[in-house]
Amino acid sequence: MENESITYKLFLSQLKESTYEYDKLIGKLESVNDFQYINHSIADKTDKDDLKEQMKSVDVVVILSGLYSADKDLIQREIDVAVELGKPIVMIRPYGLETVPGNIEKKASEVIGWNAGCIVDSIHESLDEEGYDD
C-alpha cells in the first residue's frame, strides 16, 4: 500500500452523544492495518463557525448518513460546511440499509457501505481525485 506513512486528517460526523454508528465507524477505521488518522471533530462544537474551524485543515469529511434521522439540521450543516470549504465527502449509508435518507447523497464524492476496506479505499480515492500528493 503506497499510503502507509500518511496520517489522514478526518472529520467524522457525530452527534453530541455517542451513537452506535459513530462507535462502529471508529472500530472499522482502527481495524485497518497501516491506516493512520486524526479525528478533528468535536462532539459538542456544532455551530457553523465551530464546524468550519474543525474542517478547515482536514483531508476528508466522513458523513454517517444514519445520523440524519436523529439530527437532520446538524448533518445538513456538516455537509454544507464541507461543500463550502471544498472538502471531499465520503458518505456512509445507514447501518444495515442500502439507501441514504433525504437528498444528502448528492453532495457526496462517494456513498459506501460499512466494509472497513471500502471506507479506507474511499478516503484514499477521494484524495486522489482532489490531487492529494504526499
Side-chain angles (χ1 to χ4, degrees):
M1 185 183 282
E2 66 188 59
N3 296 320
E4 289 180 14
S5 64
I6 296 173
T7 298
Y8 293 93
K9 295 175 282 192
L10 305 177
F11 177 92
L12 308 176
S13 67
Q14 61 180 311
L15 303 179
K16 290 183 180 185
E17 66 281 349
S18 186
T19 61
Y20 174 77
E21 288 198 9
Y22 179 79
D23 292 342
K24 188 158 191 65
L25 175 61
I26 296 297
K28 293 280 187 183
L29 292 175
E30 292 182 0
S31 74
V32 178
N33 290 333
D34 299 322
F35 181 74
Q36 302 295 319
Y37 73 96
I38 298 170
N39 180 3
H40 285 253
S41 63
I42 303 169
D44 61 349
K45 303 282 188 179
T46 61
D47 72 27
K48 186 174 181 179
D49 290 335
D50 287 334
L51 292 173
K52 279 184 180 179
E53 186 65 28
Q54 293 167 58
M55 286 185 199
K56 71 180 181 183
S57 65
V58 303
D59 300 313
V60 177
V61 173
V62 179
I63 298 291
L64 293 168
S65 66
L67 302 182
Y68 187 75
S69 61
D71 193 338
K72 254 185 255 193
D73 292 337
L74 174 58
I75 300 304
Q76 188 62 59
R77 194 164 48 252
E78 290 174 349
I79 292 167
D80 291 345
V81 169
V83 169
E84 183 180 327
L85 295 175
K87 301 296 179 178
I89 299 171
V90 171
M91 188 169 298
I92 301 175
R93 290 183 200 102
Y95 191 73
L97 299 176
E98 289 299 314
T99 59
V100 173
N103 291 323
I104 61 175
E105 75 274 8
K106 293 177 183 173
K107 302 289 185 177
S109 305
E110 188 165 4
V111 178
I112 56 170
W114 281 90
N115 178 285
C118 289
I119 295 168
V120 169
D121 286 348
S122 293
I123 291 168
H124 290 307
E125 289 167 13
S126 65
L127 291 174
D128 290 342
E129 290 169 12
E130 296 291 317
Y132 186 87
D133 191 23
D134 194 354

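Note that the coordinates shown come from a computational prediction; the quantities given were computed from them, not determined experimentally.
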Discussion item. Could you check whether any side-chain heavy atom of His40 comes within less than 4.5 Å of a side-chain heavy atom of Ser57, counting everything from C-beta outward?
Written reply: yes
Worksheet item: Among Asp59, Val61, Val60, which residue meets the side-chain contact (heavy atoms from CB on, under 4.5 Å) test with Lys87?
Response: Val61
Worksheet item: CG of Leu10 to CE of Met55: how many Å apart, nearest 0.5 Å?
Response: 11.5 Å
Worksheet item: Hey, any chance Tyr95 and Leu97 share a hydrophobic cluster, counting ILVMFWY side chains that come within less than 4.5 Å of each other, even indirectly?
Response: no
Discussion item. For Ser41 versus Gln14, what's the shortest heavy-atom pair and its separation?
Written reply: OG-NE2, 2.7 Å
Discussion item. Distance check, rounded to the nearest 0.5 Å: Arg93 atom CZ versus Glu98 atom CD?
Written reply: 5.0 Å
Practice prompt. Taking all non-hydrogen atoms of both residues into account, name the closest pair between Ala43 and Leu15 and its distance.
Written response: CB-O, 3.6 Å
Worksheet item: Looking at CG of Leu74 and CG of Asp47, how far apart are the two atoms once the value is rounded to the nearest 0.5 Å?
Response: 10.5 Å
Item to complete: Could you tell me how the ring of Phe35 sits relative to the ring of Tyr8: parallel (under 30°), tilted (30 to 60°) or perpendicular (over 60°)?
Response: parallel
Practice prompt. Please tell me if the side chains of Tyr37 and Ile26 come closer than 4.5 Å, counting only heavy atoms from C-beta onward.
Written response: yes
Worksheet item: So, do Met91 and Ile79 sit near enough that their side-chain heavy atoms are less than 4.5 Å apart?
Response: yes
Worksheet item: Got a sec: does the NZ of Lys107 have more than 12 other heavy atoms crowding it under 6.0 Å?
Response: no
Worksheet item: Partners of Lys16 by side-chain contact (heavy atoms from CB on, under 4.5 Å), sequence neighbours excluded?
Response: Thr46
Practice prompt. For Leu51 and Phe11, work out which heavy atoms get closest and say how close.
Written response: CD2-CZ, 3.7 Å
Item to complete: Check whether any side-chain heavy atom of Pro88 sits under 4.5 Å from a side-chain heavy atom of Glu110, and report yes or no.
Response: no
Fill in: Glu125 CD to Ile112 CD1 distance, which is reported to the nearest 0.5 Å
9.0 Å
Item to complete: Determine the minimum heavy-atom distance between Ile92 and Ser65, stating which atoms define it.
Response: O-OG, 2.7 Å
Item to complete: May I ask you to test the Val62-Leu29 pair for a side-chain heavy-atom distance under 4.5 Å?
Response: no
Discussion item. If the condition is side-chain contact (heavy atoms from CB on, under 4.5 Å), which residues does Glu53 pass it with, not counting sequence neighbours?
Written reply: Lys56
Worksheet item: Under a 4.5 Å cut-off applied to non-hydrogen side-chain atoms, are Ile6 and Leu127 in contact?
Response: no
Discussion item. Which heavy atom of Ser31 sits nearest to which heavy atom of Ala116, and what is that distance?
Written reply: OG-CB, 3.8 Å
Practice prompt. Spell out, as yes or no, whether a donor-acceptor pair under 3.5 Å connects the side chain of Gln54 to the backbone of Ile42.
Written response: yes
Worksheet item: To the nearest 0.5 Å, how far apart are CG in Leu25 and CG in Asn39?
Response: 8.5 Å
Response to the item:
Rounded to the nearest 0.5 Å, the CD1 atom of Ile104 sits from the CD1 atom of Ile63 at a distance of 7.5 Å
Worksheet item: Are Ile38 and Leu85 joined in one hydrophobic group, where the rule is that I, L, V, M, F, W and Y side chains link up if heavy atoms are under 4.5 Å apart?
Response: no
Fill in: Shortest non-hydrogen contact between Trp114 and Glu21, atoms and distance
CH2-O, 3.4 Å
Worksheet entry | Pairwise side-chain contact, His124 with Val120, heavy-atom cut-off 4.5 Å (strictly under) | yes
Practice prompt. Could you tell me whether a side-chain N or O of Ser13 sits under 3.5 Å from a main-chain N or O of Leu64, the two making a donor and an acceptor?
Written response: yes
